[in-house]
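The structure under discussion appears below in the form of structure tokens.
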Amino acid sequence: MKRNVRLLFTPAVHAAISRHLHRGDHGEHAGAMLCGFSRSGDRLDLMVREFIPATEGKDYVVTPEGHGRLQPLFIHEALCKAVEAGMVYVAIHNHFSDDSVGFSEVDLRSHERGYPTLLSLAKGLPVGAAVFGKRSVEVDIWTHEGVRLALETARIVGHGVRHVWSSPRLAPNETYDETFDRQLPFLRSDGQGILRRTKIGIVGLGGIGSQLVEPLVRLGIHNFVLIDPDRIERSNYSRVHGAMPQDLPEIGRTGTLKVGIAERLILSINRGANVTAIEGDVARGDVHRALLDCDFVFLAADTAEARLVCNAISHQFFTPMTQVGTKIVIAADGSLQRIFGVVRQIRPGSGCLWCNGLIDRSALADAAKPEARRKLEKYGVQSPNPAVVTFNIEVAGRALNDFVMGYASTLMPLDRGFDYSILDFISGTREDVLARRDKACPFCSAAASRFGRGLAVELPTI
Amino acid sequence: MIKTGVEEVLRHLREEFPDSTVSFIPGDNGGGDVIVEDVDVGEGCTPAKTWIGANLSPQLPFSDVYPLFIGGNVMRRNGTPLGGPTSACQFASRPAIQVSRRTNNLVATPHAAAMKFRKVLTFVKELAP
């Protein structure tokens with residue numbers, strides 16, 4: 001059995017499951033999860049979109065031998081609902097364990113009796129089961145390829161991200177490495193181990209994105225996906241971290257790709273790092289696919305189309321994401337109006353860029369047109385925004401601190417009460433904002449057709 | 001291949017303008033240019049009937065439909081240009097007038113995108129009462 005299922009929860013759904021299963025009555029309880037899914041190689045991600053509790057005595061009956069069983073009608077209705085929506089049916093129940101849990105022999109025998117039939121009814125979708133301890137979970141997922149899959153990791157994706165395994169011995173604890181000697185007292189071996197295994201996506205390797213790279217490598221991140229279509233130019237040399245004079249364009253030679261500069265920087269610090277450097281626009285074609293197996297994404301590209309696609313990925317695939325940007329506002333008379341930076345946490349169901357009017361719909365209309373046509377329609381006449389490296393560094397630092405505290409430690413709560421931080425560089429103040437949540441949002445609302453649906457819904461790419 | 005969102009907008013346009021020919025010239029990215037023939041721009045304009053067109057982005061229904069274009073020969077009945085946020089140009093190899101009306105709300109449905117054509121026609125009528 002391969003251990004390569006990632007089970008992803010929103011805090012709300014995970015809390016509902018916990019309340020139902022671990023209600024303090026020393027009883028075994030059950031239900032079903034309906035999950036969107038995403039496959040990358042032989043790994044399966046399950047996004048838990050909906051929990052259906054089983055009613056004791058009706059949907060879930062305990063036999064005289066003391067074994068609980070979900071009733072056929074409950075299974076049938078939940079399976080039909082899942083299949084109709086292109087989702088994966090996962091039956092769940094609890095054991096009384098704490099940080100380590102597994103299926104009993106009775107559980108496994110019942111899977112072997114029942115799941116071949118369920119699989120035949122699931123129209124090509126996987127089916128399976130999950131068993132929950134208080135702080136642990138295990139899965140047994142059956143696929144049409146005849147492969148059974150176990151849990152690699154479960155995550156509760158709130159502002160802070162909680163990592164859950166079937167057993168502490170399967171947690172990615174890092175053996176002592178002197179390189180990280182001074183940060184280990186803070187991160188501990190489990191936090192360092194999480195970083196070691198994490199794959200980070202960075203979309204946009206310009207002024208802010210390039211500032212994220214070196215601290216992430218030095219933290220201990222080994223796996224990177226870098227996406228940017230652009231090459232370095234003289235006008236951005238002052239802000240692209242890692243750029244060298246030989247990268248600049250000369251007569252007869254284009255500048256080095258920004259992803260190439262970042263890749264070189266990563267490998268200069270850690271020769272063993274895995275880097276996928278993609279010269280491309282995340283909003284176009286299949287470029288976004290490289291992000292689908294990332295554990296965390298930094299969005300540092302400032303186009304409306306990149307925001308649209310990445311926002312959709314975060315809510316569809318439950319990918320935690322941080323969007324970063326800076327802005328220097330100068331009035332027509334040349335006077336400085338404002339300098340500010342933003343660090344926006346996007347999580348499944350919260351911090352949505354669409355709900356908050358942060359995706360310019362007219363710019364989207366523009367994005368797919370050829371440049372010549374945009375100019376003909378008098379687009380593209382805006383002068384470039386002012387930008388200064390020092391402001392970019394502060395925004396990048398804030399985003400990285402949030403990442404370390406939220407992803408690799410438990411310092412950040414699942415709900416910290418705000419989604420966005422706005423840094424005012426002139427006053428030196430920070431405003432924390434709870435982002436708007438539109439109940440009818442096509443991306444982040446629990447009822448949205450895209451929410452947690454993974455590959456079942458096409459992403460809005462160009 | 002035409003993106004689903006674009007197909008949906010075309011379907012709504014055909015419903016919204018049942019007496020007009022709705023033609024679509026696909027681009028190479030799932031979107032393309034649409035032209036709705038024989039639409040009414042009101043008695044304040046000459047000619048009172050023209051065409052309306054726009055580029056349909058592959059990111060519909062999330063993208064705006066912007067800008068839209070009407071026949072390049074449309075003017076006020078007194079012979080003066082329409083004025084307002086309009087300018088002469090070409091669209092789909094036709095002489096055209098560009099009508100720049102942005103939509104900032106977040107109602108991102110194929111129906112709302114199709115209704116943008118109706119709203120712009122109303123706006124043109126208001127330019128030539």
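All values derive from a computational prediction rather than experimental measurement. Chain naming here is simple, since letters A, B, ... match the order of the sequence lines and numbering starts at 1 in each.
- Rounded to the nearest 0.5 angstrom, A/I462 CD1 and B/S63 OG are separated by 9.0 Å.
- No more than 12 heavy atoms of other residues, nucleotides or ligands shown are found within 6.0 angstrom of NZ on A/K81.
- Per-residue heavy-atom pair counts under 4.5 Å with chain A were compared for B/G5, B/A108, B/G27, B/C89, and the maximum is reached by B/A108.
- Atom CD of A/Q337 sits in a crowded spot, with more than 12 heavy atoms from other residues, nucleotides or ligands closer than 6.0 Å.
- Under the 3.5 Å distance criterion, the side-chain polar atoms of B/K3 are matched with a main-chain donor or acceptor of A/T461.
- Residue B/S100: no heavy atom, backbone or side chain, is found under 4.5 Å from chain A.
- Within residues 28-57 of chain B, the residues having any heavy atom less than 4.5 Å from a heavy atom of chain A are, in residue-number order, B/N29, B/D33, B/N55, B/S57.
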Please output the side-chain donor-acceptor pairs of residues 298-312 of chain A that fall under 3.5 Å, not counting sequence neighbours, one pair per line with the distance.
from	atom 1	to	atom 2	distance (Å)
A/D302	OD1	A/R307	NH2	2.8
A/T303	OG1	A/A306	N	3.1
A/R307	NH1	A/L358	O	2.7
A/N311	OD1	A/H315	NE2	3.4
A/N311	OD1	A/L353	N	3.0

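- The backbone N or O of B/P61 lies less than 3.5 Å from a partner atom in the side chain of A/R361, making a donor-acceptor pair.
- Between B/Y66 and A/K369, the shortest heavy-atom distance links the atoms O-NZ, 2.9 Å.
- Annotation: A/K327, atom NZ; neighbour count of heavy atoms from other residues, nucleotides and ligands within 6.0 Å does not exceed 12.
- Residue B/Q59 comes nearest to A/P460 through the heavy atom pair NE2-O, 2.9 Å, listed as atom of the first residue, atom of the second, then distance.
- Contact annotation for A/C355: only backbone heavy atoms (N, CA, C, O) come within less than 4.5 Å of a heavy atom of chain B.
- Between A/F443 and B/F62, the angle of the ring planes lies from 30° to 60°, which puts this pair in the tilted group.
- The two residues A/S362 and B/R102 come nearest to each other via the heavy atoms CB-NH1, 2.9 Å.
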